[in-house]
Each structure stands twice: as structure tokens, then as C-alpha cells.
Amino acid sequence: MAYSLPLSISLKAQGWKVKIRDRERVEPPHVTIIRGTQAWRWSLRQRHFLDATPSPRQVPSELLQLISENYDLLVQHWDAKYPENKVNNSESEA
Amino acid sequence: MRTFVVSEHTSFQISDQAQSKTTILRPHNAIDSLLHQVSDAIWISNDFDFLLSALRKQPRPILERQTHLRKNTVLFLRGELASSKRAPLESLFKMLIVAPEASTLSLDEAVEVFNAQNAANLIVSGTLNFRSQTLALLRGNLEKLVVPLSAFKISGDGVAPRFDQFQITDSGQTLSFGNYEASVESLLYEFDANYRRQINVEKSKTDKRLGACLRRLRLQKGFKQSDFPDVDEREIGRIERGEVKTPRLRTLQKIAAALGINPEDIQTY
């Protein structure tokens with residue numbers, strides 16, 4: 001089952017979601033922040049946004065704080081879904 | 001494209017979503033004049049009978065003088081439509097899309113997607129074909145994307161797609177198959193070369209070396225470095241690490257063949 005990070009009532013009411021789905025772009029490991037027709041990929045390795053558009057500034061700091069607080073849990077869910085490309089794998093395999 | 005919603009929420013309502021707010025148009029001459037005046041528009045309805053009755057209520061029966069109305073108008077109809085009932089609508093609209101409600105976005109979400117700047121990257125409806133083992137997806141720009149059902153592999157934690165429970169969620173960004181969810185973006189990335197070219201332009205900051213591209217491609221396809229029968233896994237590792245900057249063409253051809261792509265496409269990933 002896709003993992004959805006539980007959010008505060010206000011963030012949910014604004015339509016925000018944070019997901020790790022069962023089929024994602026595998027590399028690099030990330031969570032997807034979704035609101036309406038827009039999505040932001042946030043890297044679990046580098047802990048920053050992967051794409052310049054849409055603007056990361058549109059994502060509320062409260063949401064980013066929540067992601068940081070639940071970082072280990074998100075890594076755990078990514079690693080379970082994508083064991084062949086875990087967050088803490090080295091960039092290149094031997 | 002402008003989007004008009006024909007809905008039965010009121011006795012007769014057409015909402016023009018091209019404006020910043022929803023506009024309720026006058027019932028008389030509304031459909032008639034709009035069909036004449038607006039050449040690029042998507043009309044959306046979830047009720048064929050209501051739509052047809054609305055068309056028939058026009059001051060002049062437009063169904064009887066339809067030939068010149070077929071401009072670049074599209075009718076997107078949510079629900080079922082008997083083939084015998086298609087003819088009057090097919091003669092009015094240039095394109096008629098009939099999508100089953102269960103595998104289509106809600107009316108509101110469909111309007112949102114058709115009007116989104118990234119409409120091409122969002123899915124409005126989908127049709128499963130078990131005979132060909134494919135899923136045909138309709139994008140917000142009205143183009144199709146066909147993906148094999150084999151693309152939806154069981155996830156690492158054992159969640160399998162239930163194709164009989166197919167739905168489109170997250171305003172066209174996610175395909176749900178029961179508990180299994182697939183990102184539309186991952187499908188575009190894998191099955192639409194134009195999409196990859198577009199994001200390659202945007203991702204100037206990310207690594208576009210051959211090795212990094214090969215690594216992203218290999219992982220996306222679910223291959224291990226040892227899964228290439230004709231190429232030694234140490235060689236794959238060396239290429240990915242950038243130790244071999246210009247691999248031999250024959251090696252690239254073998255790698256590409258195993259991954260089911262053209263050698264020149266490796267660096268688009």
C-alpha cells in the first residue's frame with residue numbers, strides 16, 4: 001500500500017499530501033508532495049527538492065518540518081518499497 | 001482550450017471555466033451560440049441524456065444543422081453511451097471521448113486537469129485491455145499513452161496491483177489499483193521520450209553523464225548489474241561509476257538490447 005504521511009488538519013484541508021507510492025521513479029529515492037495538479041519531489045538522500053518547478057517556495061514550511069521530523073520513517077518506507085535502491089546505498093554499486 | 005461543463009446540477013447550466021470564476025450562462029442560446037463562436041473548446045458532461053435534451057431545447061434545433069459546427073471542439077462524456085446514440089454527438093463535435101465513470105476523474109477534477117498548465121502530464125481517464133495486457137491512458141492534452149500492464153510490478157513490500165479496482169486519483173497524478181498506487185510521472189518518464197526530453201532540459205543541475213543515466217534507467221527497469229547476459233557486471237559498474245567514459249558501441253548495443261531500448265536513448269534517462 002502506498003505510504004501517506006499523516007498531516008495536520010490544516011495541511012490536509014489545504015489539499016496537501018506526502019506520499020511514497022508503489023511505483024515511482026526509482027532513482028533518486030524521494031517523497032512526493034502533492035497538491036491538486038502539482039507535485040514536488042523531495043530527495044531522501046540530499047534532503048532537498050529535486051526539481052526547480054513548481055517552485056519549492058510554494059510548499060509550506062510546516063509541511064517540510066513534518067517531513068524532517070518523520071525522516072527516518074519515510075526512509076524506512078522507501079527502503080521497504082524499493083529494496084534494490086535503498087536511501088543509504090552508495091551512489092554506485094560495486 | 002476553454003472548458004465548458006454541461007451539468008444538471010441546476011435546471012440548465014453551462015459553466016465556463018476559462019474565466020477566473022465559474023460563469024453561469026443564460027439558458028437560451030448558450031450552447032448554440034458557444035458551439036458557433038468558440039472553435040477551441042472542451043465540453044464536459046456526465047449525463048448524455050441531459051446533454052442531448054439541452055441541445056434539443058435550443059431555439060433553433062442545432063442537431064438538424066450540424067455540419068458546420070465541427071470545429072476544434074471536443075466532447076468529453078463521463079459515463080456509458082450506447083453506440084446507437086453516438087451519431088448525433090459525433091456530428092456536432094470534432095472529437096468525442098466517452099470514458100467510464102469508474103476509471104475517470106470526477107467532473108470537477110477533469111475540468112481542473114484540462115485547464116492545468118501541466119495538463120499533458122496528468123491523466124483524465126484510462127481503459128484497461130486485458131486481451132492486449134495494456135492500459136490506454138488519456139492525458140489532459142487529449143493525447144494517449146499506452147503502457148503494458150507488466151509495468152506495474154509488485155512493490156518491494158509485497159503490494160500487488162488489483163487491475164479490477166483501477167481508479168485515477170490525486171487530480172490525475174496517481175493511478176490506483178486497489179491498495180497499489182503508481183505515479184503517473186514514473187510512467188511518463190519510462191514510456192514517453194518527449195517527456196524525458198522535456199525534463200532533461202529542466203534538470204540541468206542533475207547528473208547527465210552516461211553512467212548516471214544508465215544507473216537511473218537500470219534501476220527504473222528493475223535490473224541488477226548482473227542482469228545483462230552479454231555484458232560483465234563489473235563492466236556495468238565501471239560505466240555507471242564513470243570509470244569507462246566512452247564504452248564501445250557494441251557494449252552499449254548489448255546493454256540497450258537487454259533493457260529493450262535504443263542505444264541512443266540511454267542518455268535520455
Side-chain angles (χ1 to χ4, degrees), chain A residues 1-5 7 12 14-43 45-46 48-56 58 73-87 89-94, chain B residues 109 112-113 115-119 121-122 140 151-161 170-187 189-190 199 202-207 211-212 215-225 233-234 236-237 240-242 269:
Chain A
M1 159 180 284
Y3 178 71
S4 278
L5 183 66
L7 303 180
K12 261 198 280 191
Q14 291 166 48
W16 292 100
K17 295 174 188 175
V18 176
K19 286 188 171 188
I20 297 172
R21 290 163 291 191
D22 303 282
R23 188 191 203 286
E24 297 274 9
R25 264 166 78 182
V26 178
E27 172 68 13
H30 62 279
V31 293
T32 308
I33 301 166
I34 297 173
R35 190 188 192 202
T37 55
Q38 292 194 303
W40 295 258
R41 293 184 309 147
W42 190 85
S43 169
R45 282 201 184 121
Q46 283 103 16
H48 61 54
F49 286 95
L50 283 163
D51 310 298
T53 55
S55 170
Q58 293 175 39
L73 182 66
L74 292 167
V75 169
Q76 199 179 316
H77 279 284
W78 177 274
D79 287 352
K81 288 210 175 294
Y82 302 101
E84 74 284 2
N85 193 39
K86 292 183 176 180
V87 174
N89 271 5
S90 59
E91 260 307 298
S92 298
E93 293 173 21
Chain B
E109 281 186 308
E112 189 187 4
V113 166
N115 285 291
Q117 279 190 328
N118 59 335
N121 303 336
L122 304 166
F152 303 98
K153 297 183 176 72
I154 296 174
S155 69
D157 52 0
V159 183
D170 296 334
S171 298
Q173 299 197 62
T174 300
L175 307 183
S176 302
F177 306 95
N179 287 332
Y180 184 101
E181 289 192 358
S183 129
V184 167
E185 203 261 345
S186 73
L187 296 169
Y189 179 71
E190 201 166 331
I199 61 171
E202 292 166 10
K203 68 171 188 183
S204 55
K205 289 180 186 168
T206 60
D207 197 344
R215 178 180 162 77
R216 279 192 289 268
L217 165 60
R218 176 177 65 75
L219 290 167
Q220 192 63 42
K221 296 273 189 187
F223 276 56
K224 294 179 184 148
Q225 289 181 334
E233 66 184 283
R234 287 168 298 186
I236 299 287
E240 290 189 359
R241 289 191 296 273
Y269 282 83

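In what follows, chains carry the letters A, B, and so on, assigned in the order in which the sequence lines appear, proteins first and then strands, with residues in each chain numbered from 1.
Neither the backbone nor the side chain of B/Ala160 has a heavy atom closer than 4.5 Å to any heavy atom of chain A. Only the side chain of B/Glu190 comes within less than 4.5 Å of a heavy atom in chain A; its backbone stays farther off. Both the backbone and the side chain of B/Leu187 have a heavy atom closer than 4.5 Å to some heavy atom of chain A. Only the side chain of B/Asn118 comes within contact range of chain A, judged by heavy atoms closer than 4.5 Å.
Separation of atoms CD1 (B/Ile199) and OG1 (A/Thr53) is listed at 10.0 Å; rounding is to 0.5 Å. Taken from CG in B/Asp157 to OH in A/Tyr82, the straight-line distance is 9.0 Å, to the nearest 0.5 Å. The CG atom of A/Asp22 sits 9.5 Å away from atom OG of B/Ser176, with the distance rounded to the nearest 0.5 Å.
Surrounding CD of A/Gln14 are more than 12 heavy atoms belonging to other residues, nucleotides or ligands, all under 6.0 Å away.
Taking 4.0 Å as the cut-off between side-chain N and carboxylate O, B/Lys224 and A/Glu84 do not count as a salt-bridged pair. With salt bridges taken as basic N to acidic carboxylate O contacts below 4.0 Å, one links A/Lys19 and B/Asp170.
No other option in B/Asn179, B/Val113, B/Asn121 has as many heavy-atom pairs under 4.5 Å with chain A as B/Asn179. For the set A/Pro54, A/Gly15, A/Gly36, A/Pro83, the entry with the most heavy-atom pairs within less than 4.5 Å of chain B is A/Gly36. Of all the listed residues (B/Gly222, B/Gly178, B/Gly158, B/Ala151), the one sharing the greatest number of non-hydrogen pairs under 4.5 Å with chain A is B/Ala151.
For the side chain to side chain contact (heavy atoms under 4.5 Å, CB included) criterion with B/Ser183, the lone passing option out of A/Glu24, A/Arg41, A/Arg25 is A/Glu24.
A side-chain donor from one of B/Arg215 and A/Asn85 sits under 3.5 Å from a side-chain acceptor of the other. Donor-acceptor pairing under 3.5 Å is recorded for the side chains of A/Arg23 and B/Ser186.
In terms of modelled atom types and a separation under 3.5 Å, the side chain of A/Glu27 and the main chain of B/Leu219 share no donor-acceptor contact.
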